[in-house]
2 protein chains.
Amino acid sequence: MNIGEAARRSGVSAKTIRYYESIGLIPAAGRTNAGYRAYTANEVETLRFVQRARSLGFSVDDVAGLLGLWRDRSRASADVKAIALNHVAAIERKIAELDSIRRTLIDLTNRCCGDDHPDCPILETLAQTDR
Amino acid sequence: MNIGEAARRSGVSAKTIRYYESIGLIPAAGRTNAGYRAYTANEVETLRFVQRARSLGFSVDDVAGLLGLWRDRSRASADVKAIALNHVAAIERKIAELDSIRRTLIDLTNRCCGDDHPDCPILETLAQTDR
DNA sequence: ACTTGGGCTTCCAGTCGCTGGAAGGTCAAG
DNA sequence: CTTGACCTTCCAGCGACTGGAAGCCCAAGT
């Protein structure tokens, strides 16, 4: 199967598949006589795995780790869980940061009447000289 | 005042100040005879404004808009509020996305016993062939 | 007078994870 | 035999910096 078909079946764009190959996330695909990449159903499964992991926000590095564990029949599930829990922790930190920003902005926008006058607590806060 | 001092007072690194100048976010600073950038207290205030806006997650483009409105005495606070509300909406979308991922991962990690056995619902989910 | 150490300058490259586009080869159908 | 849809490689750019090299400037200490 050509790269376009593999892309359609895996949900990873052809461009991105080539990129993943170039950085070594997935092994280089075989080639036809004409030099076209040829994919097996198995390789498409790997791409789907990568796609799902990426869509859960795992970094490409994490995905490499997860792929390695996936292929390792003698893995310890604890290793997988550790990667996932680290990721959850990072997500929770990010959410907390965004929520703090969100609350600040909501407060500022509530206090800004938002009409055609120049007075604006948002700008005043950003411009605050004291600290 | 030299760039290092301006960096210390504004909380924006010297490197980043030069970068902001290079992309036109802030006007080019004056120069001493030796070619060193020279900053006034006013310019440091501008840098602090930028720093605060960036720390609230506004994009550099948004900051350019906010700076323009800040300098415009005849601005309408509605324009400022619009930028802020757009940003809040983007943050809320991001939080919702992260939270959905978080819930999925929490569920998966709860179901993974995390011991030295290979069985792992996390990998099984990522590898799912159906759908 | 000279050295030392810090600060300043520019410019290029790298980060992360792609994505777009140019230039050109291949293939199947009409 | 042409069209158009595929495929190939390679280079460049996104956002927002950050690191590092190479070289100039300046103030303080000996």
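Residue numbers begin at 1 in each chain, while the letters A, B, ... track the order of the sequences. Side chains included, hydrogens not; waters and symmetry mates left out as well; all remaining heavy atoms used.
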Any side-chain N or O of Arg54(A) under 4.0 Å from OP1/OP2 of dC18(C)? yes
Do Trp70(A) and Leu126(B) have side chains that approach each other closer than 4.5 Å (heavy atoms only, starting at C-beta)? no
Counting just side-chain N and O atoms, does Tyr36(B) come under 4.0 Å of either OP1 or OP2 of dC26(D)? no
Measure CG/Leu25(B) against C1'/dC17(D) and give the value in whole Å, please. 13 Å
Please report the distance, rounded to the nearest Å, between CD1 in Ile17(A) and P in dT9(D). 13 Å
Rounded off to whole Å, could you give me the CZ-to-P distance for the Arg8(B) and dC8(C) pair? 7 Å
Ignoring hydrogens and geometry beyond distance, is the side chain of Lys15(A) in donor-acceptor contact with the base of dG21(C) at under 3.5 Å? yes
Starting from P on dC27(C), measure out to CG on Asn33(A) and report it in whole angstrom. 8 Å
Taking the side chain of Asn2(A) as its heavy atoms from C-beta onward, which of dT18(D), dC7(D), dT19(C) lies nearest to it? dC7(D)
Do Glu5(B) and Arg9(B) sit within salt-bridge range, that is, some charged N less than 4.0 Å from a carboxylate O? yes
Salt bridge check, Arg103(B) against Asp99(B): does any charged N sit closer than 4.0 Å to a carboxylate O? yes
Expected output: side-chain Ser77(B) to main-chain Asp115(A) donor-acceptor under 3.5 Å: yes
Separation of atom CZ in Arg31(B) from atom C1' in dC24(D), rounded to whole Å: 13 Å
Regarding Ile3(B), tell me which of base, sugar-phosphate or nothing describes its non-hydrogen contacts under 4.0 Å with the strands shown. sugar-phosphate
Interatomic distance where CD1 belongs to Ile23(B) and C1' belongs to dA16(D) [whole Å]: 8 Å
Sugar-phosphate only, base, or nothing, as touched by Thr32(A) at under 4.0 Å among non-hydrogen atoms: nothing
Where the side chain of Arg75(A) meets the backbone of Leu69(A), is there a donor-acceptor pair that is under 3.5 Å apart? yes
Whole angstrom is fine here: how far is it from CD in Gln51(A) over to C1' in dC18(C)? 14 Å
Do any side-chain nitrogens or oxygens of Tyr20(A) fall under 4.0 Å of OP1 or OP2 in dC18(C)? yes
Integer-rounded Å distance: dG17(C) P and Ile26(A) CD1: 15 Å
If you look at every strand shown and take non-hydrogen atoms under 4.0 Å, does Arg18(B) touch a base, only sugar-phosphate, or nothing? base
Tell me whether the OP1 or OP2 atom of dC7(D) has a side-chain N or O from Arg37(A) closer than 4.0 Å. no
dT18(D), OP1 or OP2 - any side-chain N/O from Thr16(B) closer than 4.0 Å? yes
